[in-house]
Trainee: 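Just dropping this structure here.
Quick caveat: nothing in here was measured; it's all calculated off a predicted structure. Counting starts at 1 for both ligands and their atoms, in listed order.
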Amino acid sequence: MQALDEPRMSDTFAGDAAIVTGASKGIGSGIATKLAEQGASVVVNYRSSEKRAESVVDEIVDRGGEAVAVQADVSDEDDVAAMVEATVDYFGSLDVMVNNAGMTTLGPAEEIDIEDWRRVVDVDLTGVFIGSRAAGRQMLSQDDSGAIVNVASMMGEMGFHMRAPYCAAKAGVINLTRTLAVEWAEDGVSVNALAPGFIQTDITDQTQDSAGYTDIDIHRRTPMARYGTVEEMANCVSFLARDDNYVTGEVLRADGGWVSDAWRYRENRA
Ligand code: NAP
């Protein structure tokens, strides 16, 4: 593995401070590591997995980067405000905010407990609003512009059985992203969303059995015939977080072609 103090492929985020929510594992840990590789000082946010967050920080620091773990529940406005304040105390600014933390619940719509609905919407949608607003307030007060990237899902663009709260929340994230983008564009804050397809992480491993599909089903249904990787999602976020691309209010779908393909089921493809 390349050390972070070796010559980097790019210093795109040199001197920038970034928060990645839900960075203790999965897609978030990959994003945090990628932004650090590209020069950012990174806040690795977690809710409960402190040890995992600390190991993401250790990996970044061992490779010559700068990172710190900060606990905050993204659905709690006070927690998130304190995290933004801590970021500015540690690193002097907040230049990139990645609202990645998310969760899901599975069940037929007619049976979902209303508290489960509320928790998913609280974390996946309200949490993105809270994070974007706290970051936006800080970025609007700075001389330099900033970038916000919200991790939505391809399931925010289509119906998907057993996931009513998740699909509703992710659709909300997509249109919230467009709305914040047009409100803050003139002040130099870009707001974009990433809409991943199936990426192999804890969330997919945990839901797969109860959702009733296998890896082979995913391969058959996906035009690219495989899961996406955490590294690929991190590359997409890195692009959206740049300040040299004239992109705002955009939803980058990274789903191996899933949504573009209305009908696909091939029996003999593993
Ligand atoms: P994951 O492996 O389950 O990781 C989820 C992360 O979110 C963990 O770091 C977790 O921290 C954190 N988190 C959950 N609730 C939180 C809260 N209230 N406050 C702060 N952090 C919280 O999930 P993932 O697959 O990497 O998913 C990351 C994002 O991508 C989510 O928004 C998800 O909806 C989206 N996405 C994933 C896929 C996929 O196929 N994997 C597809 C489309 C979209 P703790 O462990 O400390 O709780």
Side-chain angles (χ1 to χ4, degrees), residues 19-34 42-57 69-80 82-84 97-106 116 118-132 134 149-158 160 163 165-174 176-177 193-208 211 213 215 217-218 221-222 226-234 236-237 251-256 258-259:
I19 295 175
V20 183
T21 68
S24 54
K25 56 186 175 179
I27 295 171
S29 67
I31 296 168
T33 307
K34 174 68 62 183
V42 181
V43 167
V44 174
N45 161 254
Y46 65 97
R47 179 194 48 183
S48 55
S49 308
E50 184 177 3
K51 279 197 180 137
R52 295 186 73 149
E54 290 293 355
S55 75
V56 174
V57 167
V70 175
Q71 196 280 335
D73 183 329
V74 296
S75 65
D76 184 310
E77 211 177 351
D78 293 338
D79 273 14
V80 174
M83 176 166 65
V84 170
M97 177 74 175
V98 183
N99 291 301
N100 163 79
M103 58 171 295
T104 192
T105 184
L106 285 180
D116 289 342
R118 288 203 170 101
R119 186 68 192 142
V120 174
V121 172
D122 255 14
V123 173
D124 290 4
L125 176 56
T126 311
V128 172
F129 177 64
I130 288 172
S132 297
V149 182
N150 298 325
V151 179
S153 168
M154 71 173 178
M155 292 185 195
E157 299 191 88
M158 60 186 184
F160 210 97
R163 289 173 172 78
Y166 186 78
C167 291
K170 293 298 187 178
V173 169
I174 286 171
L176 172 64
T177 296
L194 174 70
F198 277 93
I199 316 302
Q200 199 136 32
T201 65
D202 283 2
I203 229 175
T204 28
D205 291 346
Q206 281 158 13
T207 51
Q208 184 164 307
Y213 55 76
D215 287 351
D217 294 328
I218 299 297
R221 174 60 181 80
T222 308
R226 63 174 175 83
Y227 282 89
T229 67
V230 164
E231 169 85 10
E232 287 167 331
M233 298 308 104
C236 293
V237 169
V251 182
L252 175 56
R253 203 189 301 132
D255 67 349
W258 183 299
V259 172

Trainee: Which residue owns the protein heavy atom closest to atom 45 (P) of ligand 1, what's the atom, and how far is it?
Mentor: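 Looking at atom 45 (P) of ligand 1, the protein heavy atom closest to it is Ser49 OG, 3.4 Å.
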
Trainee: Could you list which atoms of ligand 1 come closer than 4.0 Å to a heavy atom of Val123?
Mentor: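 The atoms of ligand 1 under 4.0 Å from a heavy atom of Val123 are 15 (N), 18 (N).
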
Trainee: State, to 0.1 Å, how close Ala134 and Val80 come at their nearest heavy-atom pair, and which atoms those are.
Mentor: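 Taking Ala134 first and Val80 second, the nearest heavy atoms are CB-CG1, 3.9 Å.
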
Trainee: Side-chain contact test, heavy atoms from C-beta onward, threshold under 4.5 Å: evaluate it for Arg253 versus Val259 and give yes or no.
Mentor: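 In contact.
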
Trainee: So is Asp124 polar-close to ligand 1, meaning N/O to N/O under 3.5 Å?
Mentor: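 By distance alone, the answer is no.
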
Trainee: Contact between ligand 1 and Gly127 is defined here as a heavy atom of the residue under 4.0 Å from a ligand atom; is it met?
Mentor: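 No; Gly127 lies far enough from ligand 1 that no heavy-atom distance drops under 4.0 Å.
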
Trainee: Any atoms of ligand 1 less than 4.0 Å from a non-hydrogen atom of Gly102? List them with their elements.
Mentor: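 So the atoms of ligand 1 that pass are 5 (C), 7 (O), 14 (C), 31 (C), 32 (O).
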
Trainee: Begin with the C-alpha distance, continue with both residues' side-chain angles, and end with the deciding distance and a verdict on side chain to side chain contact (heavy atoms under 4.5 Å, CB included) for Leu194 and Met233.
Mentor: CA-CA 8 Å; Leu194 174 70; Met233 298 308 104; 4.1 Å; yes

Trainee: Which residue and atom name correspond to the protein heavy atom nearest atom 36 (N) of ligand 1, and how close is it?
Mentor: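 For this ligand atom, the closest protein heavy atom is Tyr166 OH, 3.6 Å.
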
Trainee: Indicate the atoms forming the closest heavy-atom contact of Cys167 with Met158, along with that distance.
Mentor: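 In this case the closest contact between Cys167 and Met158 is SG-O, 4.0 Å.
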
Trainee: Please test Tyr166 against Met155 for side chain to side chain contact (heavy atoms under 4.5 Å, CB included), starting from the C-alpha separation and ending with a verdict.
Mentor: CA-CA 8 Å; Tyr166 186 78; Met155 292 185 195; 4.0 Å; yes

Trainee: So which heavy atom on Asp124 is nearest to which on Ala169, and how close?
Mentor: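 So the two residues come closest at CB-CB, 3.7 Å.
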
Trainee: May I ask you to test the Arg119-Val123 pair for a side-chain heavy-atom distance under 4.5 Å?
Mentor: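 Heavy-atom side-chain distance check passes, below 4.5 Å.
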
Trainee: Specify the protein heavy atom at minimum distance from atom 29 (C) of ligand 1: its residue, its atom name, and the distance to 0.1 Å.
Mentor: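 Checked against all protein heavy atoms, atom 29 (C) of ligand 1 sits closest to Asn100 O, 3.1 Å.
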
Trainee: Checking a contact table here: which protein heavy atom is nearest atom 30 (O) of ligand 1, and how many Å away?
Mentor: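 For atom 30 (O) of ligand 1, the nearest protein heavy atom comes out as Val151 CG1, 3.3 Å.
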
Trainee: Classify the ring geometry between Trp258 and Phe198 as parallel (under 30°), tilted (30 to 60°) or perpendicular (over 60°).
Mentor: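 It falls in the tilted class, 30° to 60°.
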
Trainee: Of all the non-hydrogen atoms in the protein, which one sits nearest to atom 39 (C) of ligand 1, and at what distance?
Mentor: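 The closest heavy atom on the protein side is Ile199 O, 3.5 Å.
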
Trainee: At their closest point, which heavy atom of Asp255 faces which heavy atom of Thr222, and how far apart are they?
Mentor: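 Nearest heavy atoms, Asp255 then Thr222: O-CG2, 3.9 Å.
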
Trainee: For ligand 1, indicate whether the residue Arg119 contacts it via side chain, backbone, both or neither (heavy-atom separation under 4.0 Å).
Mentor: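 Contact part for Arg119 vs ligand 1: side chain (C-beta onward).
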
Trainee: Identify, by atom number and element, the atoms of ligand 1 in contact range of Asn45, meaning under 4.0 Å from any of its heavy atoms.
Mentor: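 Per the distance check, 20 (C), 21 (N).
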
Trainee: With a cut-off of 4.0 Å, which atoms of ligand 1 are near a heavy atom of Ala152?
Mentor: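 Matching atoms, with element in brackets: 35 (C), 44 (C).
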
Trainee: Taking C-beta and beyond as the side chain, do Pro165 and Asp116 meet within less than 4.5 Å on heavy atoms?
Mentor: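 No, side chains not in contact.
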
Trainee: Measure the distance from atom 20 (C) of ligand 1 to every protein heavy atom, then report the residue, atom name and distance (to 0.1 Å) of the closest one.
Mentor: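 In this structure, atom 20 (C) of ligand 1 has Ala72 O, 3.3 Å as its nearest protein heavy atom.
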
Trainee: For the pair Asn100 (side chain) and Gly22 (backbone), establish whether a donor and an acceptor sit closer than 3.5 Å, ignoring hydrogens and angles.
Mentor: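 Checked: pair present.
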
Trainee: Just to be sure I'm reading this right: ignoring hydrogens, which of Gly228, Ser24, Ala23 gets closest to atom 11 (O) of ligand 1? Compare them by their nearest heavy atoms.
Mentor: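 It is Ser24 that holds the nearest heavy atom.
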
Trainee: Please could you name the atoms of ligand 1 that Ser48 approaches to less than 4.0 Å, counting only its heavy atoms?
Mentor: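 Atoms satisfying the 4.0 Å criterion: 45 (P), 47 (O), 48 (O).
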
Trainee: Side chain to side chain contact (heavy atoms under 4.5 Å, CB included) between Val149 and Met97: does it pass, once the steps are laid out?
Mentor: CA-CA 6 Å; Val149 182; Met97 177 74 175; over 6 Å; no

Trainee: If you take all heavy atoms of Asn99 and Val128, which pair is closest and at what distance?
Mentor: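 That closest heavy-atom pairing would be ND2-O, 3.9 Å.
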
Trainee: Considering the heavy atoms of Thr204, write down every atom of ligand 1 situated less than 4.0 Å from one of them.
Mentor: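 Counting atoms of ligand 1 from 1, those under 4.0 Å from Thr204 are 40 (O).
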
Trainee: For Ala195, state whether at least one heavy atom is located under 4.0 Å from any atom of ligand 1.
Mentor: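 For ligand 1, residue contact (heavy atoms, under 4.0 Å) with Ala195 is absent.
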
Trainee: Do me a favour and list the nearest non-hydrogen protein atom to atom 37 (C) of ligand 1 with residue, atom name and distance?
Mentor: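 I find the closest protein heavy atom is Ile27 CD1, 3.7 Å.
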
Trainee: Is Gly22 in polar range of ligand 1, meaning some N or O pair under 3.5 Å apart?
Mentor: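 Between Gly22 and ligand 1, an N or O pair is found under 3.5 Å apart.
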
Trainee: Counting only heavy atoms closer than 4.0 Å, does ligand 1 sit against the backbone of Glu50, its side chain, both, or neither?
Mentor: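 Answer for Glu50: neither.
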
Trainee: Using only atom types and a distance under 3.5 Å, with no angle test, would you say the side chain of Thr21 pairs donor to acceptor with the backbone of Asn45?
Mentor: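 Between the backbone of Asn45 and the side chain of Thr21 there is no qualifying donor-acceptor contact (under 3.5 Å).
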
Trainee: Distance under 4.0 Å to a non-hydrogen atom of Asp202: what atoms of ligand 1 satisfy this?
Mentor: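 Those of ligand 1 that fall under 4.0 Å from Asp202 are 2 (O).
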
Trainee: In this structure, does ligand 1 have an atom that sits under 4.0 Å from one of the heavy atoms of Lys25?
Mentor: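 Contact present.
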
Trainee: Look at atom 25 (O) of ligand 1 and say which protein heavy atom is nearest, naming residue and atom and giving the distance to 0.1 Å.
Mentor: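 Closest protein heavy atom to atom 25 (O) of ligand 1: Thr201 OG1, 2.4 Å.
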
Trainee: Locate the shortest heavy-atom distance separating Ser29 from Ser24; write the atom from each residue and the value.
Mentor: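 Answer, listing the atom of Ser29 first, then Ser24: CB-C, 4.3 Å.
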
Trainee: Does Ser153, backbone or side chain, put an N or O under 3.5 Å from an N or O of ligand 1?
Mentor: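 No.
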
Trainee: Please determine whether side chain to side chain contact (heavy atoms under 4.5 Å, CB included) holds for the pair Val42 and Val20, giving the CA-CA distance in whole Å, both sets of side-chain angles, and the decisive distance to 0.1 Å.
Mentor: CA-CA 7 Å; Val42 181; Val20 183; 4.2 Å; yes

Trainee: Taking distance alone, with N or O pairs closer than 3.5 Å, would you say Val74 contacts ligand 1?
Mentor: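 Yes, Val74 has an N/O under 3.5 Å of an N/O on ligand 1.
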
Trainee: Heavy atoms only: which of Arg47, Met154, Lys51 is nearest to atom 15 (N) of ligand 1?
Mentor: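 Among Arg47, Met154, Lys51, the closest heavy atom to atom 15 (N) of ligand 1 comes from Arg47.
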
Trainee: Please verify whether a non-hydrogen atom of Lys170 lies at under 4.0 Å from ligand 1.
Mentor: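 Judged by the 4.0 Å heavy-atom criterion, Lys170 does count as contacting ligand 1.
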
Trainee: List ligand 1 atoms under 4.0 Å from Tyr46, heavy atoms only on the residue side.
Mentor: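 Heavy-atom distances to Tyr46 below 4.0 Å select 47 (O).
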
Trainee: Below a 4.0 angstrom heavy-atom separation, can you tell me which part of Met103, side chain or backbone, both or neither, approaches ligand 1?
Mentor: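 Contact part for Met103 vs ligand 1: neither.
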
Trainee: Does any N or O in the side chain of Lys170 come within less than 3.5 Å of the main-chain N or O of Val151, such that one atom is a donor and the other an acceptor?
Mentor: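 Yes, the answer is positive, given that a donor and an acceptor are paired below the 3.5 Å cut-off.
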
